[in-house]
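What follows is one structure encoded as structure tokens, with my remarks underneath.
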Amino acid sequence: MAARRRIGLLGGTFDPIHVGHLALARAAREVLLLDEVRFIPTGQSWQKSGSGVDAAARLEMVRLAVGPTPGFVVDDREVRRAGASYTIDTLIELRAELGPEPALVLVLGSDQLRNLATWHRYRELLDHAHIAATQRGTHPLATLDAPVEALLAAHGRDALPDAPAGAIVYFRMAPVPVSATALRERLARGERPAELLPPAVLDYIERHRLYRAAAGSP
Ligand code: ATP
């Protein structure tokens, strides 16, 4: 392990959490030598429209998926926070709690890196954390929008430096072609995509009848 503590932060709507998220967390932990990965479900997502499943249920599914996995932690601060969930607020809070020493590493799939310039106060994220991105499905890591390219030109590194924040790095993981959107569609059709969901999460979805098509719809 690296001398400076490295804490990975994996935010998401987790609507629902699936095997792609868990694979991302495992790959980030191994490749980036993270001491811990914190799963941080959004409370009120300001970018994604709701599926109808509330934050408490999304959080519970994250807890079920993570279970007692060593090195994985669930952080419910965004669900407890009133109003929209902004990552910058979470980073500032975590930095105040954890002090200046540990490296914070925001872990992102390439869809989110491509989207970064739409995030609230996105330039300030690197004052508080590193960003580590990995290729996901059909979202390339090349040909990014100009503002993200500019950030990369200033902050891109081959590997995480011995610093608490400030670098953007890429890391590799074996592709896991699954998205929550596709999963919700399959669940709404009455399918049972057991290979894409941790068993305890599938069980929770079935017991609470989540993601079912509304009565009357095809
Ligand atoms: P949706 O389909 O509703 O957009 P999602 O599957 O992308 O949902 P999120 O909760 O938005 O799930 O994702 C949280 C983080 O996990 C993001 O950084 C996203 O890029 C990453 N991620 C999600 N699915 C995968 C996957 N299959 N492989 C790698 N990264 C993933």
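Because only heavy atoms are used, hydrogens play no part in the values below, and waters and symmetry mates are left out as well, while side chains stay in. Both ligands and their constituent atoms are indexed starting at 1 by order of listing. The structure presented is a predicted model; accordingly, all values stated were derived computationally and were not measured.
For the ligand labelled ligand 1, residue Gly11 lies inside the 4.0 Å heavy-atom shell. Residue-ligand proximity: Arg184 is placed with a non-hydrogen atom under 4.0 Å from ligand 1. Residue contacts with ligand 1 include Thr13, since one or more of its heavy atoms lies under 4.0 Å from the ligand.
Here is the list of ligand 1 atoms found below 4.0 Å of a heavy atom in Phe14: 10 (O). For ligand 1, the atoms lying closer than 4.0 Å to a non-hydrogen atom of Leu24 are 16 (O), 21 (C), 30 (N). The Thr181 neighbourhood of ligand 1 comprises atoms 1 (P), 2 (O), 3 (O), 4 (O), with distances under 4.0 Å to a heavy atom of that residue. Residue Gly12 has at least one heavy-atom neighbour below 4.0 Å for each of these atoms of ligand 1: 10 (O), 14 (C). With ligand atoms numbered from 1 in the order given, ligand 1 contributes 18 (O) to contacts under 4.0 Å with heavy atoms of Leu108.
In Val178, the parts holding a heavy atom less than 4.0 Å from any atom of ligand 1 are both the side chain and the backbone.
Taking 4.0 Å as the cut-off between side-chain N and carboxylate O, Arg6 and Asp35 do not count as a salt-bridged pair. Glu78 has no carboxylate O lying under 4.0 Å from a charged side-chain N of Arg58, or vice versa, which leaves the two without a salt bridge. Residues Glu93 and Arg81 are paired through a salt bridge, judged by an N-O separation under 4.0 Å between the basic side chain and the carboxylate. Taking the charged nitrogens against the carboxylate oxygens, Glu101 and Arg5 have no contact shorter than 4.0 Å, which rules out a salt bridge.
Heavy-atom proximity to atom 6 (O) of ligand 1, evaluated over Ser110, Ala180, Ala133, is greatest for Ala180.
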Please list, one pair per line, the donor and acceptor atoms closer than 3.5 Å that link side chains of residues 156-173 to other protein atoms, with sequence neighbours excluded.
from, atom 1, to, atom 2, distance (Å)
Arg157, NH1, His155, O, 3.4
Asp162, OD1, Arg4, NE, 2.8
Asp162, OD1, Arg4, NH2, 3.4
Tyr170, OH, Leu141, O, 3.3

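Taking the six-membered ring where the residue is Trp, His21 and Phe14 present perpendicular rings, their angle passing 60° and hence far from 30°.
In this structure Arg121 satisfies the side chain to side chain donor-acceptor pair (under 3.5 Å) test together with Glu124, sequence neighbours excluded.
At least one donor-acceptor pair under 3.5 Å links the side chain of Arg114 to the backbone N or O of Ala142.
Taking only nitrogen or oxygen atoms, main chain and side chain alike, Gln112 does not reach within less than 3.5 Å of ligand 1. Considering backbone and side-chain N/O of Leu10, none are found under 3.5 Å from N/O of ligand 1.
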